[in-house]
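Taking it in order: structure first as structure tokens, then the write-up.
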Amino acid sequence: DRDTDKKRIEELLEENMVLEIAQKQSMNESAHLGWELEQLSKSTDLSDSEKSFVFELNECASSRILKLEKDNQSLQNTIQELRDASLTSRESSLKFVELEKENQQLSKKIEKLQNQIEKEKQSNQDLESLSEELLKDKQHLQAVLETEKADKDRQVQTFQRPDLPS
């Protein structure tokens, strides 16, 4: 009986060591998953700041377009006034040509800014999609972490013996 008890105690000690090692591995995995979640959270924070940056760029570009459109309208009014005045002098002709060139330059700038806004909008949409993917990954990792914790707790409860100190 003593030999049997000794063997049983040795088996239980070995089993206890295996369980402790498995528990440590599980805790290490949980810690690593926690670290990954933290990194993912930091990435999500960066995405929010990038969104705000893109929003500021869009606002800035929009205000510049409005200013250029006002300047363009002012030039159009000046051109119309010159036409209405029917000034035939060389000076007014040069002024008219100069204003026309400036008007064309402003029109090109407006077109470039509109293209830039479209690119910014696309970039913003891409960032939003990335942010959504990151949030989904975060939720998945949280679910995996919870599952790992539950498995660890279940394993610990399954292998705990009432006659052994906990």
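It should be emphasised that the depicted structure is a prediction, and the values quoted were computed from it without experimental measurement. Residue numbers run from 1 in the order of the sequence given. FYI, side chains are in, hydrogens and waters are out, and symmetry mates aren't considered; it's all heavy atoms of this structure.
- When the salt bridge (charged side-chain N to carboxylate O under 4.0 Å, His left out) test is applied to R154, the partners found at least two apart in sequence or on another chain are D151.
- Within the 3.5 Å criterion, the main-chain N or O of L127 finds no donor-acceptor partner in the side chain of S131.
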Could you please spell out the steps behind the side-chain hydrogen bond (donor to acceptor under 3.5 Å, both in side chains) verdict for Q122 and D126? CA-CA 6 Å; Q122 182 62 42; D126 292 345; 3.0 Å; yes
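- With a 6.0 Å radius and a threshold of 12 heavy atoms from other residues, nucleotides or ligands, E111 has its CD atom at or below the threshold.
- Judged by distance alone, with hydrogens and angles left aside, the side-chain atoms of T147 form a donor-acceptor pair with the main-chain N or O of A143 at under 3.5 Å.
- In this structure, the side-chain contact (heavy atoms from CB on, under 4.5 Å) partners of V144, at least two apart in sequence or on a different chain, are L33, H140, E148.
- Between E102 atom CD and K109 atom NZ the span is 8.5 Å, to the nearest 0.5 Å.
- At a threshold of 4.5 Å between non-hydrogen side-chain atoms, the residues Q116 and L113 count as touching.
- Linking ILVMFWY side-chain heavy atoms closer than 4.5 Å, directly or via other members, places V156 and F159 in two distinct hydrophobic clusters.
- Rounding to the nearest 0.5 Å gives a distance of 10.5 Å between CD of E38 and NZ of K138.
- The environment of CG in D3 is sparse: at most 12 heavy-atom neighbours from other residues, nucleotides or ligands sit within 6.0 Å.
- A distance of 11.0 Å separates CD of E14 from CG of N16, quoted to the nearest 0.5 Å.
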Walk me through whether Q155 and Q23 qualify under side chain to side chain contact (heavy atoms under 4.5 Å, CB included). CA-CA 8 Å; Q155 286 176 354; Q23 181 182 13; over 6 Å; no
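- For E11, the salt bridge (charged side-chain N to carboxylate O under 4.0 Å, His left out) test picks out R8, with sequence neighbours left out.
- In this structure, CG in L134 is found 12.5 Å from CD in Q39, a value given to the nearest 0.5 Å.
- Residues forming a ring pair (Phe, Tyr, Trp, His ring centres under 6.0 Å) with H32 (at least two apart in sequence, or on another chain): W35.
- Grouping Ile, Leu, Val, Met, Phe, Trp and Tyr residues whose side-chain heavy atoms lie under 4.5 Å apart, directly or via other members, places I9 in a hydrophobic cluster with L13.
- Here the CG atom belonging to L37 is positioned 11.0 Å from the CD atom belonging to Q139, to the nearest 0.5 angstrom.
- Remark: N115 pairs with no residue by the side-chain hydrogen bond (donor to acceptor under 3.5 Å, both in side chains) rule, at least two apart or across chains.
- For the atom pair CG of D137 and CD of Q142, the computed distance is 11.5 Å after rounding to the nearest 0.5 Å.
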